[in-house]
Protein chains: 2
Amino acid sequence: MSLVSPQTNEAKLHRTISDSLFYQLQTAIIKGELAAGSKISEPELARKFGVSRAPLREAIRRLEGQKLVERKAHVGARVVSLSLEELVEISFMREALEGMACRLAAQYMTDEEVFKLKYLLSVHEKNQDLQEGQAYYQKEGDLDFHFCIVQGSHNNKLINLLCDELYHLIRMYRYQFSADSPRPKHAFDEHHAIVDAIEKRDGDLAEQLMRKHISAARQNIEQRYGDNP
Amino acid sequence: MSLVSPQTNEAKLHRTISDSLFYQLQTAIIKGELAAGSKISEPELARKFGVSRAPLREAIRRLEGQKLVERKAHVGARVVSLSLEELVEISFMREALEGMACRLAAQYMTDEEVFKLKYLLSVHEKNQDLQEGQAYYQKEGDLDFHFCIVQGSHNNKLINLLCDELYHLIRMYRYQFSADSPRPKHAFDEHHAIVDAIEKRDGDLAEQLMRKHISAARQNIEQRYGDNP
DNA sequence: ATAAGCTTATGTGTCGACAATAATATTTGC
DNA sequence: GCAAATATTATTGTCGACACATAAGCTTAT
């Protein structure tokens with residue numbers, strides 16, 4: 001089980017239909033059960049979930065705020081479909097934000113948090129040795145690592161934006177293309193170097209390494225999928 | 001008139017009540033007409049605007065997504081009230097994001113955009129000479145400058161996040177405290193250096209200068225209001 | 001007099017129905 | 001046969017009313 005999934009969100013008990021719908025639809029979109037680009041029919045979904053349209057519409061409006069759906073007045077809502085360009089744009093944001101998060105993590109992470117991060121890294125290493133770049137590592141494991149560092153920044157606004165908004169889009173994209181961080185060895189080495197910098201409390205280096213890490217992933221994606229958008 | 005206000009938003013014709021309410025409430029919150037921390041009563045607002053609660057609730061849900069209101073189930077919605085800590089947290093995000101935006105602007109801004117930016121700077125200079133750090137420059141002029149550079153990044157995701165979400169929070173805070181960037185001379189010099197770097201197409205330098213600029217503003221705020229939160 | 005429990009009331013959450021808009025299908029004219 | 005205009009249909013936007021939860025006020029017992 002991933003560390004990303006049982007997040008603050010999922011743990012909450014949804015005391016209202018609207019909340020429940022929001023999280024169910026969010027998961028459905030991320031996992032591709034609601035296909036990217038597909039239309040969201042209010043009557044159909046309302047029937048399917050056995051609820052009225054009012055709470056459903058509010059849930060959709062929240063998903064709109066999270067950029068998981070787009071809606072046009074009097075036309076309806078569609079699940080977003082990320083183009084390559086958009087993924088690259090998001091990657092620039094990630095580079096900036098996670099670079100900053102990593103710098104702050106080097107400064108503010110507790111020793112316990114650093115220990116937990118190192119443990120996570122060791123798990124990934126085992127996993128990698130066993131099954132060279134297999135599902136766990138590729139799909140969620142990588143995000144677990146980033147998730148952990150972002151938490152270490154102790155900056156709630158940063159945590160919220162990255163973990164509760166941007167990562168959903170990235171996960172959605174990864175589920176869709178089931179292609180992912182296809183350079184496990186390099187990635188692992190880079191992760192290791194980042195943790196070292198954090199442990200040494202070298203914020204400058206930690207930020208620089210994280211930015212290179214994300215930038216490299218972006219360039220890798222750009223060249224692999226550059227032709228067929 | 002500021003360049004920030006007549007934004008993409010305001011220009012749109014709102015063909016639906018929900019949209020109209022969303023933008024009206026957004027403006028009211030930013031300008032403090034709906035006081036920070038105050039409760040949002042659905043029946044009261046619905047009466048005031050002469051509409052039903054359904055579109056009002058959808059508008060509120062969107063404002064929730066923009067972090068302009070917070071809501072608790074079965075209790076209601078309140079306008080957010082930013083603490084100093086939160087403003088500082090946001091400032092770190094700005095430093096990262098606008099630093100990146102500035103780097104991209106140095107790379108992608110057209111010559112026309114650079115020209116427009118320089119013109120904006122000259123207007124600010126005149127304004128500053130006339131009335132040392134007066135309302136225009138302090139309140140919106142500064143954001144105009146940043147707005148312009150972010151646009152120049154040509155990264156839509158970045159533009160959307162900064163201009164349509166984060167800047168609203170910053171503007172709201174500025175309206176509330178009517179205290180603002182209280183170092184016009186320094187700020188102007190820094191703006192000038194940033195534009196020079198962009199004009200020279202030096203992305204590294206442009207990013208570095210923008211980050212220092214925002215970081216300095218943050219430290220300035222922290223020390224001025226550090227005692228009374 | 002105070003605290004606990006009950007009652008009331010205000011407000012949020014949800015529903016079903018109606019109105020208005022846009023997309024589709026049909027008809028009409030050339 | 002095709003294009004434009006019209007009619008139709010399905011879906012979205014909005015409304016008023018009801019159900020339910022929380023909070024406030026009142027009663028009662030210690």
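A note on names: the letters A, B, ... follow the listed sequences, proteins ahead of strands, and every chain is numbered from 1. If you're wondering where the values come from, they're calculated on a predicted model, not measured in any experiment.
Within the structure, a side-chain polar atom (N or O) of B:T16 is placed less than 4.0 Å from OP1 or OP2 of D:dT14.
At a cut-off of 3.5 Å, with distance as the only test, no side-chain donor of A:E89 or B:H154 sits close to an acceptor on the other residue. Using modelled atom types and a 3.5 Å distance limit, the side chains of B:E95 and B:S91 yield no donor-acceptor pair. Looking at A:S18 and A:R57, their side chains never bring a donor and an acceptor atom within 3.5 Å of each other. B:E98 and B:H146 are linked by a side-chain donor-acceptor pair at a separation below 3.5 angstrom, with hydrogens and angles left out of the test.
A salt bridge is defined here as a Lys NZ or Arg NE, NH1 or NH2 lying under 4.0 Å from an Asp or Glu carboxylate O, and A:R61 with A:E64 meets this definition.
The nearest whole Å value for the distance from the CG atom in A:L21 to the C1' atom in C:dC15 is 14 Å. Rounded to whole angstrom, the span from the CD1 atom of B:I17 across to the C1' atom of D:dT12 amounts to 13 Å. Atom CZ in A:R71 sits roughly 15 Å away from atom P in D:dT11 (whole-Å rounding). When rounded to the nearest whole Å, the span between CZ of B:R78 and P of D:dT22 equals 17 Å. Rounded to whole Å, atom P of D:dT12 lies 12 Å from atom NE2 of A:H74.
Contact check of residues 36-46 of chain B against DNA chain C (heavy atom, cut-off under 4.0 Å) returns B:K39, B:I40, B:E42, B:P43. Across residues 51-64 of chain B, B:R53, B:R57 each have a non-hydrogen atom less than 4.0 Å from an atom of DNA chain C (numbered order).
The two residues B:A105 and B:I149 have their closest heavy-atom pair at CB-O, 3.7 Å. The two residues B:I198 and B:A206 have their closest heavy-atom pair at CG1-CB, 4.2 Å.
Remark on DNA chain C: of its neighbouring residues A:K72 and A:S18, the 5'-side contact belongs to A:S18, judged by nearest-heavy-atom nucleotide.
Taking a 6.0 Å sphere around NZ of A:K39, one finds it holds more than 12 heavy atoms contributed by other residues, nucleotides or ligands.
We find the CZ-CG distance between A:R211 and A:L97 to be 10.5 Å, quoted to the nearest 0.5 Å. The distance from the CG atom of B:L169 to the CD1 atom of B:I30 is 8.0 Å, given to the nearest 0.5 Å.
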A correct dot-bracket answer for DNA chain D, with pairs being Watson-Crick or G-U at under 3.5 Å, [ ] for crossing pairs and | for inter-strand pairs, is ||||||||||||||||||||||||||||||
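Side-chain contact between A:R47 and A:E44 is present, with at least one heavy-atom pair separated by less than 4.5 Å.
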